[in-house]
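Inspection log for the structure reproduced underneath, given as structure tokens.
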Amino acid sequence: MFAKRTDLALEAHELRKNAAGGEDLHGVVTHEHQTGGCGATVVEVTDSAAAKALGKPMGVYVTLDLRGVLGGADSLERAAGAVAAELRALLGAAGVKSALVAGLGNDAMTPDAIGPQAAEHVLVTRHLTREASFASLTPVSVLTPGVLGRTGMETAELVRGAVRTVKPDVLIAVDALASRSLSRVCATVQLTDTGIAPGSGVGNRRRALDRASLGVPVVAVGVPTVVDARTLALDVLEEAGVPAPKASALRGVGAEVMVTPRDIDAQIRELGRIVGYGIDLALQPLSFAELCALMG
């Protein structure tokens with residue numbers, strides 16, 4: 001039987017709990033709360049056994065559900081504000097004195113372009129903060145490392161070099177993820193303090209970016225943009241009440257096939273702006289109106 005694929009800790013926990021007959025997994029603590037009209041579910045993996053069972057590193061994972069605010073007249077402000085609030089919580093009450101934002105992914109492949117799109121909306125200030133009029137801003141640098149096939153260099157190599165040069169207090173990495181559920185595609189954001197493996201959302205997992213490999217805290221912001229075709233087929237059958245098929249029955253569903261919304265280009269543009277502005281509001285002492293004025 002094929003395992004259902006997901007990059008979301010919330011979904012991995014749901015799958016593990018269902019497999020155990022609804023029994024909670026020892027070493028996982030969950031709770032829910034509201035942030036700016038968005039539901040947030042926190043999954044905290046507290047021991048190595050639970051991390052192995054879920055296939056996720058130990059740490060805190062926050063899944064932010066944007067469906068309650070998307071589409072409204074003030075959706076950008078509310079959604080970005082919710083992302084900012086959860087990001088600030090992960091960064092800590094004291095905040096950070098400097099940050100490097102890495103927009104991971106391939107801007108020529110739309111479902112994988114959320115990182116570069118978000119980077120376009122991050123306020124770059126590292127070169128300005130020596131000026132008195134910008135002294136109150138947090139120094140922020142942005143990197144869009146591209147992908148191995150276009151640069152000949154691993155994302156981890158480029159990010160490591162930038163970290164050594166810039167010496168930020170934190171790296172914030174933005175990338176595409178895979179969900180097991182179409183309802184969460186382009187409608188949720190996962191934030192975690194565990195780092196990220198670039199390319200995982202499009203089936204091309206590369207070297208991990210985390211504190212162990214880079215020497216600085218890494219907060220990852222991921223947006224699910226695709227569903228694995230086999231996972232989708234299994235979920236459709238399950239919802240229809242059809243017994244789980246044998247592995248041979250799904251051999252015709254390509255292992256490398258991903259499903260994404262037909263308006264993915266428009267959704268990526270909107271979500272890139274939400275995530276980028278959310279990072280800005282988390283790092284900078286600016287209101288949403290002030291941010292919009294600066295970003296044009």
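Here, residue 1 is the first one in the sequence, and each next residue gets the next number. Scope of the values below: all heavy atoms of this structure, side chains included, with no hydrogens, waters or symmetry mates.
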Whether the side chain of [X] engages the backbone of [Y] through a donor-acceptor N/O pair (distance < 3.5 Å, no angle test) should be reported.
{"X": "Q190", "Y": "V221", "result": "no"}
{"X": "T144", "Y": "G146", "result": "no"}
{"X": "S75", "Y": "L70", "result": "no"}
{"X": "S287", "Y": "E290", "result": "yes"}
{"X": "K4", "Y": "R230", "result": "no"}
{"X": "S213", "Y": "A156", "result": "no"}
{"X": "D280", "Y": "L123", "result": "yes"}
{"X": "E86", "Y": "V83", "result": "no"}
{"X": "D112", "Y": "N106", "result": "yes"}

### Verdict with supporting geometry, D210 and T194, side-chain contact (heavy atoms from CB on, under 4.5 Å)
CA-CA 6 Å; D210 53 27; T194 65; over 6 Å; no
Roughly how far apart are [X] [atom1] and [Y] [atom2], rounded to 0.5 Å?
{"X": "M109", "Y": "I264", "atom1": "CE", "atom2": "CD1", "answer": "12.5 Å"}
{"X": "L137", "Y": "T125", "atom1": "CG", "atom2": "OG1", "answer": "5.5 Å"}
{"X": "E157", "Y": "L148", "atom1": "CD", "atom2": "CG", "answer": "8.0 Å"}
{"X": "L281", "Y": "R88", "atom1": "CG", "atom2": "CZ", "answer": "7.0 Å"}
{"X": "L177", "Y": "T6", "atom1": "CG", "atom2": "OG1", "answer": "8.0 Å"}
{"X": "Y61", "Y": "D193", "atom1": "OH", "atom2": "CG", "answer": "8.0 Å"}

### salt bridge (Lys or Arg N to Asp or Glu O under 4.0 Å) between E14 and R184, worked out
CA-CA 14 Å; E14 289 173 346; R184 290 193 173 104; 3.1 Å; yes
Hphob cluster co-occupancy, [X] + [Y], side-chain heavy atoms under 4.5 angstrom:
{"X": "L90", "Y": "L66", "result": "yes"}
{"X": "V140", "Y": "V166", "result": "no"}
{"X": "V147", "Y": "L158", "result": "no"}
{"X": "L10", "Y": "V227", "result": "no"}
{"X": "V142", "Y": "M153", "result": "no"}

### Summary
The side-chain contact (heavy atoms from CB on, under 4.5 Å) partner of T41 among E32, H33, H13 is E32
Using a 4.5 Å cut-off on heavy atoms from C-beta on, say whether the side chain of [Y] contacts that of [X].
{"X": "I172", "Y": "L100", "value": "no"}
{"X": "V60", "Y": "T192", "value": "no"}
{"X": "L91", "Y": "D169", "value": "no"}
{"X": "L214", "Y": "L171", "value": "yes"}
{"X": "V101", "Y": "L143", "value": "no"}
{"X": "D107", "Y": "Q117", "value": "no"}
{"X": "V216", "Y": "R211", "value": "no"}
{"X": "R273", "Y": "L76", "value": "yes"}

Which heavy-atom pair separates [X] from [Y] by the least distance, and what is that distance?
{"X": "C38", "Y": "A82", "result": "SG-CB, 3.8 Å"}
{"X": "P168", "Y": "S98", "result": "CA-OG, 3.4 Å"}
{"X": "P116", "Y": "G105", "result": "CG-O, 4.0 Å"}
{"X": "I114", "Y": "G272", "result": "CD1-N, 3.5 Å"}
{"X": "A118", "Y": "V174", "result": "CB-CG1, 4.0 Å"}

### Query
Would T30 and E44 satisfy side-chain hydrogen bond (donor to acceptor under 3.5 Å, both in side chains), going step by step from the backbone distance to the final call?
CA-CA 6 Å; T30 66; E44 185 174 0; over 6 Å; no
[Y] versus [X], side-chain donor and acceptor atoms under 3.5 Å:
{"X": "S183", "Y": "S181", "result": "yes"}
{"X": "Q267", "Y": "D263", "result": "yes"}
{"X": "E11", "Y": "S179", "result": "yes"}

### Message
What I want to find out is whether D65 reaches R67 closely enough, with some N-O distance under 4.0 Å, to be called a salt bridge.
### Response
yes
### Steps toward side-chain contact (heavy atoms from CB on, under 4.5 Å) verdict (T188, L64)
CA-CA 5 Å; T188 54; L64 192 61; over 6 Å; no
### Message
Go through it in stages, so that I can follow the logic: the residues are L271 and C186, the test is side-chain contact (heavy atoms from CB on, under 4.5 Å), and I'd like the CA-CA distance, side-chain angles, deciding distance and then a yes or no.
### Response
CA-CA 7 Å; L271 288 162; C186 295; 3.6 Å; yes
### Task
Inspect the surroundings of NE2 in H31 and state if more than 12 heavy atoms from other residues, nucleotides or ligands are less than 6.0 Å away.
yes
